[in-house]
Amino acid sequence: MRLCVIGDPVGHSLSPRIHRRFMERCGAAGSYEAMTVTAETLEDFVAQGRRGAWDGCNVTMPLKERILPLLDAVEPWTASCGAVNTVCFRDGRAVGYNTDGPGVVESLRLRGFAPSGQAALVLGAGGAAKAAALALAQAGCRVTVCARTPEMAARCGGVTVSWEDLPRAAAEHGLLLNATPLGMEGSPEFESLDFVQALPTKAVVYDLVYHPTDTALMRAAEHRGLTAVGGLALLVQQAALAFAYFTGIVPDAALCRDILQELEAAQ
Ligand code: NAP
């Protein structure tokens, strides 16, 4: 099995490390590489995949939306999401999937958070926010999207609130998910984390940022005694779902937990 992650830049990607561990632990033979592919070389890469050079790939920035029109088919849920992070090349066809949204839901379930009937507040309205918002809604959450650009928030479905309304909205949501780069190394911090104080006492705070692994948002949540989940949890879970599409082997929860711990220890 010949697999890779494509993007630009892609050298920093943890996907090769995660997928190689899945291969080792699941006894799946093959290779997984990081390949620099730009918007200009993407069509050529997909053609190579169709011709049998690759069995599958993961897709990262800035190609997740651009690859969609180049594929032969996309899973219906992925089409509504408008972004692809996994492609399988089979029988000369390229088929796309999005495992980011289901990965959010599954990683929360593994942390004991059952989404059905819960209220989720998603911060941001980019690709990750949209995938998370759609998957959480499908899993039975009432979803509110809070973003600084209202037109972008509207395309994520659910109720939308303005950035200024964040502290008021926080009080009504048992899950807060940060899908903005705020708090990521090299990006600005949240101007204020006061909204964490407004969250209900049993709220879960999920920060999709994973560099650093321990963000100021997570620390504020933990300081309040709330459950904080970091972005590495999604990185491992979306990879596990992608690995299942590639190989037909579903990495179990214990294996995902082991790999998550290895990544956390290495950061
Ligand atoms: P994206 O498509 O560029 O979307 C970023 C979103 O954040 C946009 O809604 C943007 O608003 C908003 N934003 C940016 N700067 C902001 C600021 N200063 N204040 C308020 N909102 C701001 O990016 P993405 O791919 O969705 O990724 C978002 C985050 O999730 C990143 O940190 C990424 O690393 C993380 N992520 C993690 C995983 C994982 O596996 N853990 C997977 C995917 C993404 P505008 O539209 O107004 O610019």
Side-chain angles (χ1 to χ4, degrees), residues 5 7-10 12-19 58-68 78 81-86 97-108 110-111 121-136 144-158 160-167 169 176-193 195 205-218 228-243 256 259-260 263-264 267:
V5 54
D8 182 32
V10 79
H12 65 286
S13 173
L14 291 171
S15 292
R17 187 175 175 155
I18 297 171
H19 281 271
N58 288 117
V59 184
T60 186
M61 299 265 283
L63 308 174
K64 286 185 176 186
E65 295 176 6
R66 286 175 199 202
I67 199 167
L68 240 155
T78 301
C81 198
V84 164
N85 75 336
T86 302
Y97 305 90
N98 183 307
T99 66
D100 282 334
V104 165
V105 171
E106 195 52 31
S107 52
L108 281 166
L110 290 178
R111 290 296 298 260
L121 181 58
V122 174
L123 308 187
K130 188 175 180 191
L134 291 176
L136 285 165
T144 304
V145 179
C146 179
R148 63 181 181 178
T149 311
E151 311 82 67
M152 292 294 282
R155 70 182 200 129
C156 297
T160 63
V161 293
S162 69
W163 200 248
E164 292 68 39
D165 269 344
L166 174 52
L176 180 131
L177 182 137
N178 176 34
T180 77
L182 290 170
M184 185 168 79
E185 195 174 280
S187 293
E189 286 289 345
F190 282 90
E191 271 178 28
S192 164
L193 287 169
F195 62 87
V205 172
Y206 196 166
D207 196 342
L208 297 194
V209 170
Y210 57 86
H211 201 63
T213 49
D214 187 23
T215 62
L217 173 60
M218 290 171 69
V229 182
L232 284 178
L234 172 58
L235 202 65
V236 172
Q237 209 54 49
Q238 59 80 24
L241 297 170
F243 189 77
C256 292
I259 293 177
L260 179 56
L263 292 177
E264 282 170 348
Q267 298 304 307

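Remember, it's 1-based here, ligands and their atoms both numbered in the order they're listed.
- Contacts of L182 with ligand 1, taken as heavy-atom pairs under 4.0 Å, involve the side chain alone.
- The N/O atoms of D100, backbone and side chain alike, include none that comes under 3.5 Å of an N/O atom in ligand 1.
- Note that atom 3 (O) of ligand 1 has no protein non-hydrogen atoms nearby, at separations under 4.0 angstrom.
- Considering every non-hydrogen atom in both V145 and C156, the closest pair reads CG2-CB, 3.8 Å.
- C146 pairs in a side-chain contact (heavy atoms from CB on, under 4.5 Å) with only one of the listed residues (L176, L123, V122, T160), which is L123.
- Residue-ligand proximity, T180 to ligand 1, at heavy-atom distances under 4.0 Å covers atoms 7 (O), 21 (N), 29 (C), 32 (O).
- For ligand 1, the atoms closer than 4.0 angstrom to any heavy atom of T149 are 45 (P), 46 (O), 47 (O).
- Heavy-atom contacts of G124 reach the following atoms of ligand 1: 9 (O) (cutoff under 4.0 Å).
- Shown in contact with M184 at under 4.0 Å from a heavy atom are these atoms of ligand 1, numbered in order with element: 32 (O), 34 (O).
- Summarising the geometry, atom OG1 belonging to T78 is positioned 10.5 Å from atom CG belonging to L134; distances are rounded to the nearest 0.5 Å.
- The single protein non-hydrogen atom nearest to atom 41 (N) of ligand 1 is G231 O, 2.8 Å, given as residue, atom name and distance.
- Distance check on atom 33 (C) of ligand 1: every protein heavy atom falls at or beyond the 4.0 Å cut-off.
- Closest approach of V5 and S13 over heavy atoms only: CG1-OG, 3.9 Å.
- Heavy atoms only, all atoms of each residue included: Y206 and S107 are closest at OH-OG, 2.8 Å.
- Among protein heavy atoms, the minimum distance from atom 28 (C) of ligand 1 is reached at A179 O, 3.2 Å.
- Atom NE2 of H19 sits about 11.0 Å away from atom CG of L14, to the nearest 0.5 Å.
- At least one heavy atom of G127 sits less than 4.0 Å from an atom of ligand 1.
- With ligand atoms numbered from 1 in the order given, ligand 1 contributes 40 (O) to contacts under 4.0 Å with heavy atoms of L235.
- A distance of 5.5 Å separates CG in N85 from CD in Q238, rounded to the nearest 0.5 Å.
- Atom 39 (C) of ligand 1 has as its closest protein heavy atom L234 CD2, 3.6 Å.
- Annotation: the span from T180 atom OG1 to F190 atom CZ amounts to 4.5 Å, rounded to 0.5 Å.
- Between the choices P150, S107, A128, A129, the shortest heavy-atom distance to atom 24 (P) of ligand 1 belongs to A128.
- Using a non-hydrogen distance threshold of 4.0 Å, A125 registers as a contact of ligand 1.
- The distance criterion of under 3.5 Å between nitrogen or oxygen atoms is met by L208 with respect to ligand 1.
- Scanning all heavy atoms of the two residues, the minimum distance from G124 to A129 falls at O-CB, 3.1 Å.
- Contact annotation for P181 and ligand 1: heavy atoms of both the backbone and the side chain come within less than 4.0 Å of the ligand.
- Given atom 15 (N) of ligand 1, the protein heavy atom at minimum distance is R148 NH2, 3.5 Å.
- At least one N or O atom of G126, backbone or side chain, sits closer than 3.5 Å to an N or O atom of ligand 1.
- Every atom of ligand 1 is numbered from 1 in the order shown, and the set under 4.0 Å from a heavy atom of V209 is 32 (O).
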Candidate pair L263 and R17, rule side chain to side chain contact (heavy atoms under 4.5 Å, CB included), full reasoning: CA-CA 9 Å; L263 292 177; R17 187 175 175 155; 3.9 Å; yes
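- In terms of polar-atom proximity, defined here as any N/O pair under 3.5 Å, W163 makes no such contact with ligand 1.
- Closest non-hydrogen pair, R155 versus K130, comes out as O-CE, 3.2 Å.
- Residues V59 and K64 come closest through the heavy atom pair O-CE, 3.3 Å.
- Using modelled atom types and a 3.5 Å distance limit, the side chains of S15 and N58 yield no donor-acceptor pair.
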